[in-house]
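Report on one structure; see the data block that follows.
To find a chain, count down the sequence lines: A is the first, B the second, and so on, and within it residues start at 1. This one's a predicted model, so the numbers in the text were calculated from it and none came from an experiment.
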Number of protein chains: 2
Amino acid sequence: MSKAGDLTPGQYRDLAEFRRQIRRFLHFSEATAKEHGIEARQHQLLLAVHGLPEGANPTIREIASRLFIQHHSAVELVNRLELAGAIVRRPGARDRREVWVRLTPAGRAILRKLALAHRTELERSGPELAQSLNSVLRHSRRAMAS
Amino acid sequence: MSKAGDLTPGQYRDLAEFRRQIRRFLHFSEATAKEHGIEARQHQLLLAVHGLPEGANPTIREIASRLFIQHHSAVELVNRLELAGAIVRRPGARDRREVWVRLTPAGRAILRKLALAHRTELERSGPELAQSLNSVLRHSRRAMAS
DNA sequence: CACATTTGTATCGTATCACGATCTATTATG
DNA sequence: CATAATAGATCGTGATACGATACAAATGTG
């Protein structure tokens with residue numbers, strides 16, 4: 001309750017710098033997505049669908065779970081992406097309540113360009129991000145105690 | 001234009017997993033901030049102000065720059081935080097166009113709790129995040145070429 | 001097999017947030 | 001001093017997320 005749980009100014013700065021690195025990456029991602037005609041969240045949905053682990057089905061629920069959003073938020077994203085022509089809905093083959101989402105060729109083309117841009121950006125700024133995370137962990141309670 | 005810039009399914013999965021790790025952390029951050037009565041962005045502003053590097057002044061513009069948002073977006077965040085009692089505005093001493101933002105004791109108390117929670121979460125999930133980033137970089141173009 | 005329950009998706013209303021455009025106040029400059 | 005540049009603030013709009021609610025298909029129960 002007392003000093004044990006407190007944070008030094010340096011630790012606040014470490015946390016702030018880590019968040020700044022994350023924000024920097026997300027800001028790049030938002031700007032790049034918009035340059036390619038979609039919103040950042042829509043890009044993330046495309047990536048989540050196309051980067052689904054083997055055996056996972058691209059249903060609304062599965063996507064929502066992987067994006068850590070509610071299913072109806074995923075519905076709205078899918079609506080906008082369908083309108084933009086990046087994906088199509090297909091009724092589930094077995095369970096006809098389900099909707100399977102598939103990328104259109106246009107959607108795949110956008111995702112490919114964005115993925116390349118993000119990979120390049122991560123090559124550039126990833127190390128900084130990793131280092132800011134390390135600073136937080138290095139100066140954290142457990143690291144200090146050990 | 002051809003194969004050189006293309007991505008394998010595994011690389012899409014690496015990118016998707018990295019984004020998932022980031023989303024996981026941000027989702028934790030959003031939920032935790034809300035539990036403490038503020039929004040995620042407002043928390044980030046508090047952290048940015050309190051974790052400012054030595055010598056940097058907590059003006060609206062400086063804050064906006066560190067959060068990678070436009071100055072008027074920062075104004076809105078400051079409005080809501082002032083309403084919530086977490087910060088106060090002070091007119092700039094030298095340049096009276098400036099507004100310096102200071103955390104109130106209540107704001108510091110919230111930020112402290114959130115910083116502790118985030119540190120704990122990063123101790124828990126930080127390594128996974130770092131590893132997913134490494135996977136992207138390890139399998140990236142330059143790493144392959146070298 | 002009829003019917004209640006569960007599950008998957010969709011719709012509606014509301015709040016936060018970000019932005020562009022525009023405005024005011026203060027400071028700097030020619 | 002007139003004008004330009006800078007720091008904030010305000011307004012309107014669009015994307016997003018959520019809770020509450022609705023509906024349709026599948027599943028469980030008597």
Side-chain angles (χ1 to χ4, degrees), chain A residues 23-24 26-46 48-49 56-84 86-101, chain B residues 23-24 26-46 48-49 56-84 86-101:
Chain A
R23 270 302 303 153
R24 181 220 286 280
L26 294 178
H27 182 247
F28 161 83
S29 185
E30 286 161 21
T32 309
K34 265 186 196 138
E35 279 170 21
H36 288 80
I38 61 175
E39 293 295 321
R41 284 301 216 229
Q42 300 176 14
H43 164 222
Q44 288 173 57
L45 193 148
L46 291 184
V49 169
N57 298 329
T59 65
I60 299 275
R61 258 203 144 65
E62 176 68 29
I63 293 166
S65 155
R66 303 197 76 80
L67 294 178
F68 298 94
I69 57 180
Q70 304 297 312
H71 56 103
H72 50 261
S73 300
V75 168
E76 292 165 350
L77 283 172
V78 168
N79 287 344
R80 285 189 284 267
L81 279 165
E82 195 173 31
L83 203 70
I87 60 163
V88 289
R89 280 175 160 97
R90 296 173 121 274
R94 306 257 164 74
D95 188 334
R96 292 217 314 274
R97 289 171 303 182
E98 291 184 345
V99 165
W100 289 31
V101 168
Chain B
R23 270 301 304 152
R24 182 219 285 281
L26 295 178
H27 182 248
F28 160 83
S29 186
E30 285 162 21
T32 309
K34 265 185 196 138
E35 280 170 20
H36 288 81
I38 61 175
E39 294 294 323
R41 283 299 215 235
Q42 300 175 14
H43 164 222
Q44 286 174 58
L45 192 148
L46 291 185
V49 169
N57 298 327
T59 64
I60 299 274
R61 263 203 141 65
E62 176 68 30
I63 294 165
S65 156
R66 304 198 75 81
L67 295 178
F68 297 94
I69 57 180
Q70 304 297 311
H71 57 103
H72 50 261
S73 301
V75 168
E76 292 165 350
L77 284 172
V78 167
N79 286 344
R80 286 189 282 266
L81 279 165
E82 195 173 32
L83 204 70
I87 60 163
V88 288
R89 279 176 160 99
R90 298 172 118 273
R94 306 257 165 75
D95 188 334
R96 291 217 314 276
R97 287 172 305 183
E98 292 184 344
V99 166
W100 289 30
V101 168

Report summary line: salt bridge (Lys or Arg N to Asp or Glu O under 4.0 Å) pairs touching residues 70-82 of chain B, sequence neighbours excluded, are B:Glu82-B:Arg89
Report summary line: For B:Ala48 and B:Leu67 the tightest heavy-atom approach is CB-CD2, 4.0 Å
Between side-chain atoms of residues 27-39 of chain B and protein atoms elsewhere (two or more places apart, or another chain), which donor-acceptor pairs fall under 3.5 Å?
| unit_1 | atom_1 | unit_2 | atom_2 | d |
| --- | --- | --- | --- | --- |
| B:Ser29 | OG | A:Arg19 | NH1 | 3.0 |
| B:Ser29 | OG | A:Arg19 | NH2 | 3.4 |
| B:Ser29 | OG | B:His118 | NE2 | 2.7 |
| B:Glu30 | OE2 | B:Arg23 | NH1 | 3.4 |
| B:Thr32 | OG1 | B:Phe28 | O | 2.7 |
| B:His36 | ND1 | B:Thr32 | O | 2.9 |

Send over the distance from [X] [atom1] to [N] [atom2], rounded to a whole Å.
X: B:Ile38; N: C:dC17; atom1: CD1; atom2: C1'; result: 15 Å
X: B:Ile69; N: C:dG20; atom1: CD1; atom2: P; result: 12 Å
X: B:Arg41; N: C:dA15; atom1: CZ; atom2: C1'; result: 15 Å

Identify every side-chain donor-acceptor pair in residues 91-101 of chain A under 3.5 Å, counting partners at least two apart or on other chains, and give the distances.
| unit_1 | atom_1 | unit_2 | atom_2 | d |
| --- | --- | --- | --- | --- |
| A:Asp95 | OD1 | A:Arg97 | N | 3.0 |
| A:Asp95 | OD1 | A:Arg97 | NE | 3.1 |
| A:Asp95 | OD2 | A:Arg97 | NE | 3.4 |
| A:Asp95 | OD2 | A:Arg97 | NH2 | 2.8 |
| A:Glu98 | OE1 | A:Trp100 | NE1 | 2.9 |

Requested in this report: Decide yes or no, distance alone: a donor-acceptor N/O pair under 3.5 angstrom between the base of C:dC19 and the side-chain of B:Glu76.
Outcome: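 When only heavy-atom distances are counted, B:Glu76 does reach the base of C:dC19 through a donor-acceptor pair under 3.5 Å.
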Report task. Flag the pair A:Glu62 / A:Asn57 as yes when at least one side-chain heavy-atom distance between them is below 4.5 Å, and no otherwise. Result ->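 Not touching, per the 4.5 Å side-chain cut-off.
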Query raised in the report: Do the side chains of A:Leu77 and A:Ile63 get nearer than 4.5 Å, heavy atoms only?
Result: no
Requested in this report: Any chance you could list the contact pattern along nucleotides 4-9 of chain C? Use B for base contacts, S for sugar-phosphate-only contacts and - for none, protein heavy atoms under 4.0 Å, 5' to 3'.
Outcome: --BBBB
**Report entry** DNA chain D: 5'-most and 3'-most nucleotides touching chain A, 4.0 angstrom heavy-atom criterion
**Finding:** D:dA15 to D:dA26
Report task. I would like to know whether A:Ile87 and A:Val49 meet side-chain contact (heavy atoms from CB on, under 4.5 Å); could you show each step before the answer? Result -> CA-CA 10 Å; A:Ile87 60 163; A:Val49 169; over 6 Å; no
Query - Contact nearer the 5' end of DNA chain C, comparing A:Val78 with B:Arg96 - result: A:Val78
Query raised in the report: Can you name the residues that form a side chain to side chain contact (heavy atoms under 4.5 Å, CB included) with A:His72, not counting sequence neighbours?
Result: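 Testing A:His72 for side chain to side chain contact (heavy atoms under 4.5 Å, CB included), a comparison that skips the adjacent residues, returns A:Gln70.
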